[in-house]
Amino acid sequence: MQLHQFRHSAFCEKVRLVLAAKRLDYTVVEVTPGIGQLELFRLSGQRQVPVLVDGAEVIADSTAIALYLERHHPDVPLLPAAAADRARVLLIEDWADTALAAGCRLALVQAAALDPLLRSALLPDSTPGPLRQLVSNLPSGVMAGMGEALVSVVGTAERQQLQTNLEQLALLVTDQPYLVGDRLSLADLAVAAQLGLLKFPASSGAPLAGLGVSGIADHPLLEPLFSWRDRIATEAGRG
């Protein structure tokens, strides 16, 4: 199998977690923004990652990929057999892919506007050195203004809602090892993948590993949540 991806996409990380949890071998094709997305469109009919190629099958979208792998590789199930638990898993996965994802992306963009190291590290590996340096060296005053503009456009309510959701998640995972039931599920992997945008895990590699969104990545109330995220990744095989 081939996974066409952006390295730092949370949705690609979700698929990598699913593949690891199911102990499946695959190769990675890093998509270059722009020209690489045109090639991806010829392959899959759309420009977004992730895309999984499995023989003659081409599957786009992280949820569609997860469900495809669940059907074709059921030996390590990530969806419960019980209908009610299965529904809970899919509801949490959808929330992680929508509301949680939107909040995490916004927080990361705001943080990157203020942190030149984070801005540079988030660029694709194929970014030429001079361009990477240019992005890193953008005047801090200009970037801070961009961050403030983002806050004023979307308001502080979204950031506060994200903080509230994360604190609730932290309480939840302190009391139980998994979000649904007594074993690893797609719900855990979907949430863990999005949390990687707020505090990059060790699997992100240098220089991103350990970087994150100030005020969230280092918030003492959220420490149990990021510890849970790391445990889930380790159990899935991406620790």
Side-chain angles (χ1 to χ4, degrees), residues 1-74 76-79 89-106 108-109 112 121-127 179 184-205 208-209 229 232-239:
M1 289 186 285
Q2 286 185 337
L3 175 62
H4 295 251
Q5 66 162 30
F6 292 152
R7 180 183 175 191
H8 303 309
S9 160
F11 295 102
C12 294
E13 174 64 8
K14 173 184 162 188
V15 173
R16 292 192 295 263
L17 285 167
V18 171
L19 287 162
K22 289 182 172 291
R23 308 299 188 257
L24 296 172
D25 293 328
Y26 66 100
T27 58
V28 165
V29 178
E30 195 68 27
V31 176
T32 303
I35 186 64
Q37 289 173 278
L38 293 177
E39 296 171 358
L40 189 67
F41 182 80
R42 286 195 288 269
L43 175 68
S44 64
Q46 52 85 56
R47 294 178 174 83
Q48 301 303 311
V49 292
V51 170
L52 186 73
V53 179
D54 184 17
E57 298 291 332
V58 179
I59 311 99
D61 180 78
S62 65
T63 298
I65 292 170
L67 296 179
Y68 170 86
L69 293 172
E70 188 73 3
R71 288 194 305 272
H72 290 272
H73 301 277
V76 182
L78 295 175
L79 291 176
V89 167
L90 292 174
L91 280 171
I92 293 173
E93 185 221 16
D94 183 67
W95 171 77
D97 286 358
T98 52
L100 181 60
C104 291
R105 282 196 304 269
L106 173 63
L108 179 61
V109 169
L122 286 169
L123 292 172
D125 292 341
S126 58
T127 303
L179 294 175
L184 187 70
S185 77
L186 183 58
D188 301 305
L189 302 183
V191 170
Q194 296 299 332
L195 294 178
L197 296 181
L198 302 175
K199 184 177 183 180
F200 285 89
S203 61
S204 300
L208 268 180
R229 187 274 314 272
I232 290 297
T234 298
E235 182 173 340
R238 283 198 42 88

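Values below: all heavy atoms of this structure, side chains included; hydrogens, waters and symmetry mates excluded.
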Could you state the interatomic distance from CD1 (I59) to CG (L52), rounded to the nearest 0.5 Å?
5.0 Å
Restricting to non-hydrogen atoms, name the atom on F11 and the atom on R105 that form the minimum distance, rounded to 0.1 Å.
CE1-NH1, 3.8 Å
Any donor-acceptor pair under 3.5 Å from R229 side chain to K199 backbone:
yes
Strictly distance-based, threshold 3.5 Å: is any side-chain N or O of E70 a donor or acceptor partner for the main-chain N or O of L79?
yes
Please report the shortest heavy-atom distance between L108 and L197, naming the atom on each side.
CD1-O, 3.5 Å
Closest heavy-atom pair and its distance - S204, A209:
CB-N, 4.3 Å
Would a distance-only check, ignoring hydrogens and angles, find a side-chain to backbone donor-acceptor pair under 3.5 Å from R23 to A236?
yes
I'd like to check S44 versus H4 (side-chain heavy atoms, cut-off strictly below 4.5 Å). Are they in contact?
no
From CG (D54) to OH (Y26), nearest 0.5 Å
14.0 Å
Residue pair A187 / L179: nearest heavy atoms and the distance that separates them
O-CD1, 3.8 Å
Do L3 and V15 come close enough that some side-chain heavy atom pair is under 4.5 Å?
yes
Rounded to the nearest 0.5 Å, what's the gap from NE2 on H8 to CG on L208? Could you check?
4.5 Å
Any side-chain heavy atom of W95 within less than 4.5 Å of one from L100?
yes
Let me confirm one number: the CD-CD distance from Q194 to E93, rounded to the nearest 0.5 Å.
10.5 Å
What's the separation between atom CG in D188 and atom CD1 in I92, rounded to the nearest 0.5 Å?
8.0 Å
Student check: side-chain heavy atoms of E39 and V31 closer than 4.5 Å:
no
Taking the side chain from R7 and the backbone from L122, do they hold a donor-acceptor pair closer than 3.5 Å?
no
Test your reading of the model: is there a side-chain donor-acceptor pair from K22 to the backbone of V76, 3.5 Å cut-off?
yes
Just wondering, do R16 and Q5 contact through their side chains at under 4.5 Å, heavy atoms?
yes
Determine the minimum heavy-atom distance between A193 and A10, stating which atoms define it.
CB-O, 3.4 Å
In Å and rounded to the nearest 0.5 Å, what is the OG to CG distance from S62 to L67?
9.5 Å
